[in-house]
Every structure is written in structure tokens, then in C-alpha cells.
Amino acid sequence: MGSGKSSVARVVARRSGLPLFDLDQAIEQHAGVTVATLFAERGEPAFRELERDTLRELLGANPRGVFALGGGTVTDRTLRRELLGAGTLITLRAPVAELARRVGGGEGRPLLAGQDVAARLVALLEARAEAYAECQAVIDTSAADVEGIASAVLAAARDVAVVVPLGVRSYRVEIGAGVRARLATRVSEAAGSPSVVLVSDENVAPLWGEPLAAQLEAAGKRVTRVILPAGEAHKTLASVERIWDAALSGGADRGSVVVGVGGGVVGDLAGFAASALLRGVAVGQVPTSLLAMVDSAIGGKTGFDTRHGKNLVGAFHQPRFVLCDPELLATLPDVERTAGLAEVVKSAWIEGEAAVAGLERDQAALRAGEPAATLRAIRMSAALKTRIVTEDERESGARALLNLGHTVGHAIEAAEGYAGLRHGQAVALGMVAAFRLAAQVGRLGADQVERLCALLTALGLPTDVGRYLEPRVLSFIGSDKKRRSDQVTFVLPGKPGDVRLQPFGLSQLEGLLTRT
Ligand SMILES: NC(=O)c1ccc[n+]([C@@H]2O[C@H](COP(=O)([O-])OP(=O)(O)OC[C@H]3O[C@@H](n4cnc5c(N)ncnc54)[C@H](O)[C@@H]3O)[C@@H](O)[C@H]2O)c1
């Protein structure tokens with residue numbers, strides 16, 4: 001209330017040429033009485049129901065438009081998530097004193113009627129903090145320059161940002177050429193001090209880490225650079241200790257931000273180091289490999305490998321921001337880009353038929369690394385990952401679906417000492433094994449196995465899993481995290497969009513895999 005949504009929405013509609021819908025007005029037209037009367041006569045729950053129905057109807061009939069919503073509309077979690085998926089959801093914000101000045105005595109505003117306006121506003125803002133944080137952009141309106149605010153709204157609407165809506169821990173995955181230029185701003189928003197720990201590896205540091213460190217320094221940050229040896233073989237506790245040592249020697253404090261600039265290895269290590277440094281500091285991710293952009297930088301899983309297997313020690317620690325800038329892929333070796341495409345195929349199969357068909361259409365362009373097709377693949381995968389992480393932040397259910405191909409993939413990687421295949425190549429092989437197994441147990445037809453193999457081959461990924469499925473590799477399945485006692489929860493694919501979890505006895509699974 002008083003944030004300026006009606007006046008800003010009017011200007012946004014005029015400047016964008018889109019139709020304007022004011023939800024309160026639509027409700028009043030619908031009901032034939034004022035919102036205040038509706039509140040008084042039917043009470044808040046009945047009003048909210050009417051509000052939900054009216055908005056869904058409006059959106060159904062007008063998928064494009066500018067919608068000015070009441071502040072209470074987004075308190076309904078389901079509706080809010082629908083809105084996040086349907087368009088750009090923006091929170092307008094102003095200090096309480098300014099809001100109180102704008103709403104005056106609160107006339108015509110049932111939630112303020114007869115109360116101490118400022119105190120009531122504070123209480124409402126507190127109660128709705130989680131809801132208001134789950135949006136594509138928060139824009140401050142205290143300057144009251146409506147044209148300037150409308151410009152910020154229009155810029156946010158043009159931006160591609162996937163929101164991971166986790167209440168006050170919500171964050172945005174910003175996707176687009178050049179978004180790395182926002183690093184200093186995002187760090188300032190996340191930081192409680194000027195100290196930044198920028199973690200990178202030997203390959204990425206000179207290409208991208210250093211220019212980003214320079215950007216941060218130009219913005220007045222004190223940057224501690226940590227340059228790790230590259231590759232999965234260095235995803236170890238020793239690397240985590242190097243980050244901690246450098247950070248503490250560099251004077252890190254509770255307000256520091258750790259920034260991971262690199263592939264999945266750097267991201268997982270930087271995230272884990274941040275989760276425990278001084279009992280937890282903020283982390284931001286600037287993924288530089290395709291795999292990290294489509295998968296590992298989103299979702300807050302962090303950790304490192306031990307001699308017992310991959311990622312067996314780690315923590316959930318959500319980033320404060322993720323900047324996915326496909327321009328950074330220009331220097332990524334072809335084999336790494338191709339490996340990242342395996343996770344894209346995995347995401348598409350979990351997402352559904354349209355996503356798989358889209359990849360099949362784009363396969364030649366993706367193989368060649370064309371920017372438009374690559375951007376489409378990143379958006380599809382990031383949106384899927386976000387949706388699943390939102391449903392299941394700590395991997396107790398749906399999130400485990402993202403491990404499609406990973407049970408066997410991880411076992412192959414572990415047996416090879418993390419030195420043979422790229423992670424993505426191992427995942428491609430693991431998917432083929434999972435698909436063949438699914439065909440054996442009647443979950444899908446041989447045509448779908450062939451379809452997967454054709455797509456993987458067109459993207460330059462391996463499919464010859466048979467030669468890897470020897471007893472030594474299978475023994476590593478027993479140490480997979482998805483295992484409970486002698487049961488393994490296996491991600492069993494069906495048709496696109498129909499992937500599910502199924503428990504198998506360890507020996508049964510090994511038997512089935514050997515026959516694939
Ligand atoms: N946390 C998660 O949810 C999650 C999800 C999937 C995978 N992962 C992890 O991600 C890791 C694999 O990630 P990855 O494939 O990015 O490996 P990686 O980090 O080892 O990067 C691959 C190689 O590419 C180089 N590189 C990266 N970006 C570059 C660039 N722009 N230009 C030039 N070189 C560049 C790196 O130095 C490295 O040599 C695995 O450890 C896996 O377990 C984590």
C-alpha cells in the first residue's frame with residue numbers, strides 16, 4: 001500500500017503499449033461493490049478467494065499485459081509461484097515512513113482502517129517479507145520519479161531472470177550476454193563488508209577471474225584471489241582448505257562474499273568453503289562452463305570428493321546470486337561444452353516432450369555452439385532446475401530426479417579415478433545405462449533408447465556404456481549417496497516428462513545393468 005503500483009503500472013502500460021489491468025478495479029467491477037465493502041461484508045478470506053479467481057481469469061484471457069496487484073495478492077504461495085512462471089513479478093518498495101505519508105489516514109484501505117498506520121504497515125511488511133522477496137526484481141520507489149521507476153520495471157521485464165523462490169533466501173539466476181558486468185552490484189547487495197574472496201582455477205583465472213576481480217576492485221572491494229588447480233582431481237578438502245586459508249589471511253569477515261568464477265568444480269568448492277567459513281558467509285556464482293550454467297551453479301548443493309566417491313561430503317548452501325553469461329563460453333574447450341550438453345539432455349528428458357523435441361531441432365546448432373541455441377538450452381535447463389529445487393530444496397523427493405544417469409555415471413567416474421571421462425560424458429553413458437535398464441523392466445520402448453542415443457551422438461557424446469559396466473565399476477554403485485542399506489534409489493526414465501524414482505536391491509541392479 002502506497003508503494004506506487006497503480007501510477008507506475010499506468011506509465012509502464014503506456015510506454016510498453018501493453019493493456020493495463022488493475023486487479024482491485026477488476027474485482028470491484030466483478031462484484032459491483034468497493035473492495036472496502038467486500039472486506040467489511042465478506043471478510044478477508046472470501047476477498048482473497050475472489051482476488052485469486054479474478055486474477056486467474058484475467059491472466060487466462062490476457063497473457064500479455066501490465067497487472068497492478070494488491071499487496072496481499074502474492075501472499076498466496078501457489079498463486080505467487082504461478083505468477084513467477086507466467087511473467088515478470090516485481091515488488092515495489094519504499095520506507096515505511098514514506099508509505100505512511102502516501103496512504104495518509106488509510107481511508108478506503110480496509111487493512112489499515114482504524115489503526116496506527118505506521119505500526120500496521122510494519123506488521124504487514126514483516127508478515128509478508130517472504131512473499132515480497134519472491135520476485136524477479138525489487139524496485140525502490142522512494143525517489144517517487146514515476147518515469148524512472150517505470151524504466152527500471154521495463155528493464156526488469158526485458159531481462160531473463162529465473163527466480164529460485166525460497167522466501168527471504170530467494171535469489172535470481174540472471175541469464176544473458178554481458179550479465180557479468182553486474183557482478184560488483186550483486187556483490188554489494190549481498191555483502192556486509194568490502195571483502196570479497198574470488199575463487200577460480202588456473203584456466204579460468206586469467207581469462208575471466210582477473211577481469212572480474214578488476215571490476216570488483218574498481219567498485220571499491222577488497223579482493224582476495226584464490227586460484228586452484230583445475231579439474232575434478234582437485235575437488236578435494238585440500239582445495240577447500242586453500243580457500244579458507246587465503247580468505248582468513250586476507251581478513252575475511254562475516255560480511256564477506258565468496259564468489260565462484262569457474263566450472264562446476266570451482267562452484268562446488270567455493271560454495272562449500274563459504275558454507276562453513278566463519279560459520280557461513282554469502283556465496284555468489286559466476287559459472288563459466290556450460291555444465292555449471294545449466295546445472296551446478298543453481299540449487300545450493302556444494303561439496304567435494306573423497307576417496308570413497310564423489311560429493312560424499314558437502315552442504316546445502318544457496319547462492320545469493322547467479323550470473324549466467326554465455327559469452328564466457330567462448331573460451332570453453334569444445335569437449336567441455338559437449339560434456340555440458342549431457343546435463344541439458346537430462347533436463348529436457350525430465351521436462352517433457354517439447355523440450356526434447358526442441359533439442360532435437362537444435363542439435364546441429366548446439367553441437368556447433370551457436371549462441372541462440374545455447375541460450376535456449378540454458379534457459380530451459382535453468383528453469384527446470386529452479387522448479388525442482390523450489391519443490392524440494394534438500395533432495396528428499398523430486399530433486400533426486402536430477403540424478404538421472406548419475407548413479408552409473410558417478411560409478412564410472414570413480415572407477416576411472418576422476419581422470420578418464422568428463423563428468424558430462426559419464427552422465428551420458430549413465431543415461432544410456434538407465435534407459436536400457438528401463439527398457440528391460442518395461443518402463444520404455446527400445447525406440448526411446450534409440451532416440452536418446454541418436455540425440456547424444458548428434459551432440460558429440462558417448463553412448464558405448466557396455467564396455468564400462470564391469471564389476472569394478474559396479475562396486476562403486478554401492479557407495480553412491482542414493483543408496484540406503486542394500487537398496488539403491490534409481491532414477492528410472494520413461495517417456496519424456498515421465499521420469500521417476502524406483503528402489504532396487506543392489507545385486508538386482510547390478511544384474512540388470514550387466515545385461516544392458
Ligand atoms: N552442485 C551441483 O548441483 C552439481 C550439479 C552437477 C554437477 N556438479 C559438479 O560439477 C563438476 C563438473 O563441472 P564442470 O564440467 O564445469 O567441470 P570443471 O569445473 O572441472 O570445468 C571443466 C574444465 O573447463 C575449464 N573451464 C571452465 N570454464 C572455462 C572457460 N569459460 N574457459 C576455459 N576453460 C574453462 C576448467 O578449468 C576445467 O578445466 C563435477 O564436480 C560435478 O560433481 C555439481
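Since the structure is predicted, the reported quantities are computational estimates derived from the model, not experimental observations. Both counts, for ligands and for their atoms, begin at 1 and track the order of listing.
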Suppose we measure from [atom] to each protein heavy atom; which comes out shortest, and what is that distance?
atom	value
atom 4 (C) of ligand 1	Ser296 CB, 3.2 Å
atom 19 (O) of ligand 1	Val265 N, 3.0 Å
atom 28 (N) of ligand 1	Thr288 OG1, 2.7 Å
atom 25 (C) of ligand 1	Asn203 ND2, 4.1 Å
atom 43 (O) of ligand 1	Lys310 NZ, 2.8 Å
atom 29 (C) of ligand 1	Leu332 CD1, 3.4 Å
atom 36 (C) of ligand 1	Asp201 OD2, 3.3 Å
atom 6 (C) of ligand 1	Asp295 OD2, 3.6 Å

Taking only heavy atoms of [X], which atoms of ligand 1 are found under 4.0 Å from at least one of them?
X	value
Leu328	31 (N)
Glu336	22 (C), 23 (C), 24 (O)
Ser289	14 (P), 16 (O), 28 (N)
Gly263	16 (O), 19 (O)
Leu207	32 (N), 33 (C)
Ala230	37 (O), 39 (O)
Trp208	31 (N)

Quick one: which of [options] has a heavy atom closest to [atom]?
atom	options	value
atom 15 (O) of ligand 1	His423, Arg422, Glu413	Arg422
atom 13 (O) of ligand 1	Gly231, Gly340, Gly264	Gly264
atom 32 (N) of ligand 1	Thr331, Val389, Asp268, Val294	Thr331

Would you say [X] touches ligand 1, if touching means a heavy atom closer than 4.0 Å?
X	answer
Lys385	yes
Asn311	yes
Pro333	yes

Practice item. Please determine which of Val345, Val449, Leu461 meets the side-chain contact (heavy atoms from CB on, under 4.5 Å) test together with Met431. Key: Val345

Exercise for review: Say whether Ser193 and Asp253, considering side chains only, have a donor N or O and an acceptor N or O under 3.5 Å apart.
Suggested key: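 On atom types as modelled, these side chains qualify, holding a pair under 3.5 Å.
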
Practice item. Go through the steps to decide whether His423 and Glu413 satisfy the test side-chain hydrogen bond (donor to acceptor under 3.5 Å, both in side chains), and finish with yes or no. Key: CA-CA 7 Å; His423 173 69; Glu413 276 187 288; 2.9 Å; yes

Exercise for review: For the residue pair Trp349 and Phe435, categorise the inter-ring angle as parallel (less than 30°), tilted (30 to 60°) or perpendicular (more than 60°).
Suggested key: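 Because their plane-to-plane angle is over 60°, the rings of Trp349 and Phe435 count as perpendicular.
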
Point to revise | Electrostatic pair Arg81:Glu134 at N-O distance under 4.0 angstrom | key: yes

Review point. Is Glu351 salt-bridged to Arg379, going by a charged N under 4.0 Å from an acidic O?
Key: no

Exercise for review: Mind running side-chain contact (heavy atoms from CB on, under 4.5 Å) on Lys346 and Leu402 for me, showing each step along the way?
Suggested key: CA-CA 8 Å; Lys346 173 200 81 177; Leu402 293 168; 4.1 Å; yes

Practice item. With side-chain contact (heavy atoms from CB on, under 4.5 Å) as the test, would you mind laying out the steps for Val344 and Ser381 before giving the verdict? Key: CA-CA 6 Å; Val344 173; Ser381 308; 3.9 Å; yes

Hey, are the side chains of [X] and [Y] touching, using non-hydrogen atoms and a 4.5 Å cut-off?
X	Y	value
Val162	Gln136	no
Glu510	Pro471	no
Tyr132	Val138	no
Leu437	Phe504	yes
Leu237	Val313	no

Distance-only N or O hit between ligand 1 and [X], under 3.5 Å:
X	value
Glu232	yes
Leu329	no
Lys235	yes

Practice item. Not counting sequence neighbours, list each pair that qualifies as a salt bridge (Lys or Arg N to Asp or Glu O under 4.0 Å) and has a residue in residues 265-275. Key: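 Found Lys235-Asp268.
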
